[in-house]
Amino acid sequence: MTQPFRGTYDQLPELAARQQYIVDAARVQASLYGYDLVSTPIFEYADVFCRSLGESSDIVSKEMFVFDDRHGDKLVLRPEGTAGIMRAILSNKLTSQLPEKYFYAGPMFRYERPQKGRFRQFHQIGVEFIGESMPGSDVEVISVAWDLFERLGLTQKVELQINSLGDSESRQAYRDVLVTYFSDLKDQLSEDSKLRLEKNPLRILDSKDPGDRVLIESAPNLKDYLNDISQEFLGSVLEGLGILKIPYVLNPHLVRGLDYYCHTAFEFVTDCLGSHSAVLAGGRYDSLAQLMGHKEPIPSIGWASGIERLNLLMDQEISSIRPISIIPIGPTAETQVLVIAQWLRREGLKVILSHHGNLKSHMKYANRINAAKAILLGDTELENHTAIVKCLDRGTQQEVGLSQLVQYLKASS
RNA sequence: GCGGGUGUAGCUCAGUUGGUUAGAGCACCAGUUUGUGGUAUUGGGGGCCGUGGGUUCAAAUCCCAUCACUCGCCCCA
């Protein structure tokens, strides 16, 4: 009863502040590139995700929080952000004014077994560049991500891995040879990879099974099956990253679990999070709009990043404004401090009233809330129209006339 | 969904081959200081030993189940 549902957690002030700091940093960074904040519902018709992610994907087949509403409609708590945003583009008939550049942040839901950095309700930030087919847009969204890591001081902890899945023609050709290759070796594959062979053969490439890895070594390489268009596209993206001096590593085994990806696929990975290496991942999804019933493709690219994982990587403290504690001494002062606190707040100062206890416990409270200063107000001070301002770091204090109080507090803060 | 580990005070953890009233440090509250916090000192509150069942004269301790957390797998951010 008092414990939260499996895989969910409370964000108490310290954690909430850290996570909000990350969201704010990302929102500001994205806005410098013209990505504006949007927000879509956290639940959608199930079809929004079932059709776009692919029925066979793990997310759809076993990880969605699905429920029926009172009319029997199948609804689902969103497991990711991109499909909802594409749905919003189509619902709001924005297809004639593309491209659009969006930033979003919010909770996502997947019915998984919780682990470090993995929750059932988790939080993502992401950007989507919708309606642009040029490789420069791929470079741009990766650049937003890189700038964010710089802003958060995490560039030393992450590595950008990139790959091309090719266009549909290249991918289909490669998929065919890969299936042929692994079908011959089926007996040697791990149990998991036997299933992958049926459902999503590309996924065999990033299997962690040692036996699989040996087979993967000599498997056909996706790179050799990219047609001219796909190779040229990848070349342009890599060139752009080079110009921007964004370091990357080509990873030919980097693939995507979802059906709608093509061309550029990338991940920022880390070795600081145990088995979950991906901190931010994205790719190009030109065919998503069609999967959702739109007649033509809407070429698009974006990424999403897990706030919980970013937070685990950040070891520095998040600084917050230290308050001023205001402490009444005696019954007359108790009503007077209300007025003074209100006055100081209107001057933009962060003032916390101490409501309960003797002077000693008031001071302890001031200490606990990390107040920089305490304002002490007793009968003597009321008569003199002054207040005692005590610096809690140094232990020094000074009697200040009320008329100069604001100036004094602002000057010494 | 599969496998391993851990659940004792708000937190970090002791707790003997099962044995009588379950401990420590930190944190919290109060006194030493009736108008001054952090340090010191003295005292105090606080535990269905995760939960339910079983074995036993006797269970925090052994067994089973269950829940939660955690690590790995699958998958993902």
Side-chain angles (χ1 to χ4, degrees), chain A residues 1-9 12 22 53 56-64 79-82 105 107-126 145 158 190-196 199-200 203-204 206-210 212 255-258 267-270 273-283 302-313 325 327-330 333 354 356-381 388-397 399:
Chain A
M1 172 60 190
T2 55
Q3 77 189 12
F5 182 69
R6 184 171 166 82
T8 68
Y9 65 97
L12 298 178
I22 292 168
L53 302 179
S56 67
S57 71
D58 275 50
I59 291 183
V60 171
S61 60
K62 67 176 193 189
E63 293 177 3
M64 293 203 304
E80 56 101 38
T82 305
M108 305 292 165
F109 305 83
R110 289 184 201 171
Y111 199 93
E112 297 184 280
R113 186 150 176 175
Q115 255 177 62
K116 182 181 189 179
R118 169 198 284 180
F119 301 90
R120 286 183 169 183
Q121 176 178 342
F122 62 109
H123 300 79
Q124 283 188 332
I125 49 179
V158 297
S190 66
E191 288 306 309
D192 286 327
S193 285
K194 282 176 188 162
L195 287 173
R196 292 187 182 110
K199 289 166 64 177
N200 194 341
R203 288 230 70 99
I204 298 176
D206 65 353
S207 168
K208 288 174 191 166
D209 183 88
D212 288 351
V255 293
R256 283 282 97 106
L258 308 181
E267 285 182 5
F268 284 83
V269 300
T270 179
L273 290 182
S275 64
H276 303 113
S277 54
V279 177
L280 182 150
W303 54 253
S305 180
I307 295 174
E308 286 84 358
R309 292 184 185 179
L310 286 172
N311 182 40
L312 287 172
L313 287 184
S325 178
I327 299 171
I329 307 168
S354 201
H356 183 82
N358 55 25
L359 181 52
K360 182 168 178 162
S361 54
H362 280 306
M363 291 298 291
K364 285 185 119 167
Y365 180 65
N367 228 43
R368 194 170 76 218
I369 60 177
N370 193 29
K373 294 188 178 61
I375 296 175
L376 303 173
L377 204 71
D379 293 341
T380 319
E381 290 73 30
I388 291 170
V389 179
K390 176 156 189 170
C391 173
L392 291 169
D393 293 333
R394 291 190 214 128
T396 56
Q397 64 182 48
E399 193 165 354

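Residue numbers begin at 1 in each chain, while the letters A, B, ... track the order of the sequences. Since we're looking at a predicted model, the values are computed, not measured.
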side-chain contact (heavy atoms from CB on, under 4.5 Å) between E308(A) and R118(A), intermediate numbers included: CA-CA 8 Å; E308(A) 286 84 358; R118(A) 169 198 284 180; over 6 Å; no

Under 4.0 angstrom between K390(A) side-chain N/O and rG37(B) OP1 or OP2: no

Any N/O donor-acceptor pair, E381(A) side-chain to rG35(B) base, under 3.5 Å: yes

Phosphate-side-chain proximity, R203(A) and rC76(B), N/O vs OP1/OP2 below 4.0 Å: yes

Rounded distance in Å - CG (L377(A)) to C1' (rU36(B)): 14 Å

Any R6(A) side-chain nitrogen or oxygen under 4.0 Å from OP1 or OP2 of rC69(B): yes

First of F5(A) and A304(A) reached from the 5' end of RNA chain B, by closest nucleotide: F5(A)

Separation between the P atoms of rC69(B) and rU42(B), rounded to whole Å: 41 Å

5'-most by nearest nucleotide on RNA chain B - T8(A) or F119(A): T8(A)

Sidechain-backbone polar pair: R309(A) side chain, A278(A) backbone, donor-acceptor under 3.5 Å: yes

Touch class at under 4.0 angstrom, heavy-atom based, for L280(A) against every strand present: sugar-phosphate

Parallel, tilted or perpendicular: rings of H123(A) and Y9(A) (30°, 60°): perpendicular

Residue-phosphate contact under 4.0 Å: R368(A) side-chain N/O, rC29(B) OP1/OP2: yes

Sugar-phosphate, base or nothing in reach of D393(A), heavy atoms under 4.0 Å: base

Backbone N/O of E112(A) and side chain of R6(A): donor-acceptor pair under 3.5 Å: no

Check: R113(A) side chain, rG3(B) base, donor-acceptor under 3.5 Å: yes

Euclidean distance, K364(A) NZ relative to L359(A) CG, rounded to 0.5 Å: 12.5 Å

Value in whole Å for how far the P atom of rC74(B) lies from CG of D209(A): 8 Å

Separation between the C1' atoms of rG15(B) and rG7(B), rounded to whole Å: 15 Å

Whole-Å gap separating C1' (rG1(B)) and CD (E191(A)): 15 Å

Candidates rC29(B), rA77(B), rG31(B) - which lies nearest the side chain of N358(A): rG31(B)

rU21(B) and rU66(B), which share atom name C1', separated by this distance in whole Å: 31 Å

D212(A) versus S207(A), side-chain donor and acceptor atoms under 3.5 Å: yes

Watson-Crick and G-U pairing of RNA chain B, under 3.5 Å, as dot-bracket with | and [ ]: (((((((..((((.....[...)))).(((((.......))))).....(((((..]....))))))))))))....

Touch class at under 4.0 angstrom, heavy-atom based, for G7(A) against every strand present: sugar-phosphate

Candidate nucleotides rC76(B), rU36(B), rC73(B), ranked by approach to the side chain of R309(A) - the nearest: rC76(B)

K116(A), nearest nucleotide to its side chain (from rG37(B), rC71(B), rA77(B)): rC71(B)

CA sep, side-chain torsions, deciding dist, call: L376(A), E381(A), side-chain contact (heavy atoms from CB on, under 4.5 Å): CA-CA 8 Å; L376(A) 303 173; E381(A) 290 73 30; over 6 Å; no

Between rG54(B) and rA59(B) - C1' atom distance, rounded Å: 11 Å

Test side-chain contact (heavy atoms from CB on, under 4.5 Å) applied to T270(A) and L313(A), step by step: CA-CA 9 Å; T270(A) 179; L313(A) 287 184; 3.7 Å; yes

Atom C1', compared across rU41(B) and rG5(B): separation rounded to whole Å: 43 Å

Sugar-phosphate, base or nothing in reach of G395(A), heavy atoms under 4.0 Å: base

Which nucleotide in rA77(B), rU36(B), rG38(B) has an atom nearest any side-chain atom of K364(A): rG38(B)

Touch class at under 4.0 angstrom, heavy-atom based, for I327(A) against every strand present: nothing

Interatomic distance where CD belongs to E112(A) and P belongs to rC69(B) [whole Å]: 14 Å

Under-3.5 Å donor-acceptor pair between S361(A) side chain and rG37(B) base: no

Sugar-phosphate only, base, or nothing, as touched by E267(A) at under 4.0 Å among non-hydrogen atoms: nothing

Between rG37(B) (P) and I369(A) (CD1): distance, integer Å: 16 Å

Value in whole Å for how far the C1' atom of rU70(B) lies from CG of L312(A): 13 Å

Letter per nucleotide, 5' to 3', of nucleotides 39-44 of chain B [B base touched, S only sugar-phosphate touched, - untouched; heavy atoms, 4.0 Å]: ------

Main-chain N/O of T82(A) paired with E80(A) side-chain donor or acceptor, under 3.5 Å: yes

C1' gap between rG44(B) and rC48(B), integer Å: 23 Å

Rounded interatomic separation in angstrom, taking CG from L359(A) and P from rG35(B): 8 Å

P atoms of rC13(B) and rU8(B), separation to the nearest Å: 9 Å

Donor-acceptor contact below 3.5 Å, side chain S305(A) vs main chain V279(A): yes

Q115(A) CD - rC69(B) C1' separation (whole Å): 12 Å

Heavy-atom pair with the smallest gap, counting every atom of I22(A) and I307(A): CD1-O, 4.1 Å

Minimum heavy-atom distance K373(A)-V389(A), with the two atoms named: CD-CG1, 3.8 Å

Minimum-distance nucleotide to D192(A) side chain [options: rC76(B), rG35(B), rC73(B)]: rC73(B)

